[in-house]
Amino acid sequence: MEIALSIPLQRCHAHDHVGTSFGSISPTLSEKRSMFIIGMGFVGQSLARKLHNQGWVVSGTCTTHVKKQQLQNMGFHVHLFDANNPDLDILRLLKNYTHVLVSVPPLVGIGDPMLQHEELFRRSLVNSDVQWLSYLSSTSVYGDCAGELVDEDYPTNPESELAKLRLSSEEGWSNVSRDLGISPLLFRLGGIYGPGRSAIDTIIKQKPMSEGQKRRKHRKHTSRVHVDDICQALMATVDVPSPREVYNIVDDDPAPREEVFEYAMKLVEEKWPGLKLQIVEQSQKEWSSVNPKGDKRVCNARMKKELGVQLLFPDYKSGLKSIIDQIESPFHCH
């Protein structure tokens, strides 16, 4: 089975349609550093592009035929993987990779879909080339901290079922790592945004707010992080052993969501004065009845000091400005 990634080597503007590969590589895995991304979502795709540009062999998984076709059209090499009926051939591939990233959220009523087959994963990775195993988690594992400053040593106290499942996934993947003789590596991410997935995009697309967005509406503090800074933190750990097991990955400004949307609206109105935004305004009024939970300020000092990360987008203003600068027309925004 060929293991390769062939993707555009230049970042596309947010309005571009990507459907053609500009090159491909398919060396043997022993010749190159290699990353297998379990869950080729928003973060996984961004990381895959960056690693590919540095000469890595990258492959990953998705869960539906439609998603697989979409990713292939974008140039990614992916495997269809159903956690309810795992393909052992795909699991056997893992042992040929040097790095494995798990970017799959838990499911209510199920838990971590991959850890349902924890023993299969262990057997697949025993005597493998894997030297780095990382799990993308969430700052939600800290729970509601009444606005306190929360670092990685702060006691976890998840409140929602999903947050509890996140913490359980952290424990599960940490156990798998230790059983393989690998140091566990957990990244607790703030709210993820970037090109195609931001307040700018929500406003332009006139999309209604998700339930998660509504819950965050009235928090005094909401931690977030640009996808490029997530990738920067991940890439800081792939070659040098990390001194710790847990890192908070957030920017410097846990501004309230309402403030972020007000700034995004200002940017949109300045760039396209004639654009009508009735749907977003109506959605914002619906937020007033939401009861806020999970308020906290998340500390990123360990990420900066130990991983040497200098944030590309230290606050939402720099991140949103970069996003809108990439969009030429609001009618061609992803």
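Since we're looking at a predicted model, the values are computed, not measured.
- Between His99 and Trp132, the ring-plane angle classifies as tilted under the 30° and 60° cut-offs.
- A salt bridge links Arg188 with Glu170: the distance from a Lys NZ or Arg NE/NH1/NH2 to an Asp or Glu carboxylate oxygen falls below 4.0 Å.
- Within a 6.0 Å sphere centred on CD of Glu119, other residues, nucleotides and ligands contribute more than 12 heavy atoms.
- At least one side-chain heavy atom of Leu234 sits less than 4.5 Å from a side-chain heavy atom of Leu136.
- Without hydrogens or angle criteria, Lys271 side chain to Ile327 main chain gives a donor-acceptor distance under 3.5 Å.
- The shortest non-hydrogen separation linking Gln116 to Asn84 is NE2-OD1, 4.0 Å.
- Residues Phe81 and Thr63 form no side-chain contact, since every pair of their non-hydrogen atoms from C-beta on lies 4.5 Å or further apart.
- When ring centroids are compared, Tyr97 and Trp56 stay outside the 6.0 Å threshold.
- Electrostatic pairing of Arg197 and Asp201 does not count as a salt bridge here, judged by no charged N lying under 4.0 Å from a carboxylate O.
- Between Thr237 and Ser242 the shortest side-chain heavy-atom distance falls below 4.5 Å.
- The residues Asp239 and Arg33 are annotated as salt-bridged, a charged nitrogen and a carboxylate oxygen being separated by less than 4.0 angstrom.
- Between Asp253 and Arg297 there is no salt bridge, since no side-chain nitrogen of the basic residue lies less than 4.0 Å from a carboxylate oxygen of the acidic one.
- Atom CG of Asp153 has more than 12 neighbouring heavy atoms from other residues, nucleotides or ligands inside a 6.0 Å radius.
- Side-chain atoms of Arg49 and Met74, non-hydrogen and from C-beta on, do get closer than 4.5 Å to each other.
- Cluster annotation: Val250 and Tyr193 are assigned to distinct hydrophobic clusters (Ile/Leu/Val/Met/Phe/Trp/Tyr, side-chain heavy-atom contacts under 4.5 Å, transitive).
- Under 4.0 Å is where a charged nitrogen must lie from a carboxylate oxygen, and between Glu262 and Lys266 no such pair does.
- For the pair Asp229 and Asp251, the minimum side-chain heavy-atom distance is 4.5 Å or more.
- Between Glu306 and Arg244, at least one side-chain nitrogen of the basic residue sits less than 4.0 Å from a carboxylate oxygen of the acidic one, meeting the salt-bridge criterion.
- Between Tyr263 and Tyr316, the two ring planes are perpendicular [angle over 60°; tilted spans 30° to 60°].
- A salt bridge links Arg122 to Asp179: one of the charged nitrogens lies within less than 4.0 Å of a carboxylate oxygen.
- Ion pairing between a basic and an acidic side chain is recognised when a charged N comes within 4.0 Å of a carboxylate O; Lys50 and Asp228 show such pairing.
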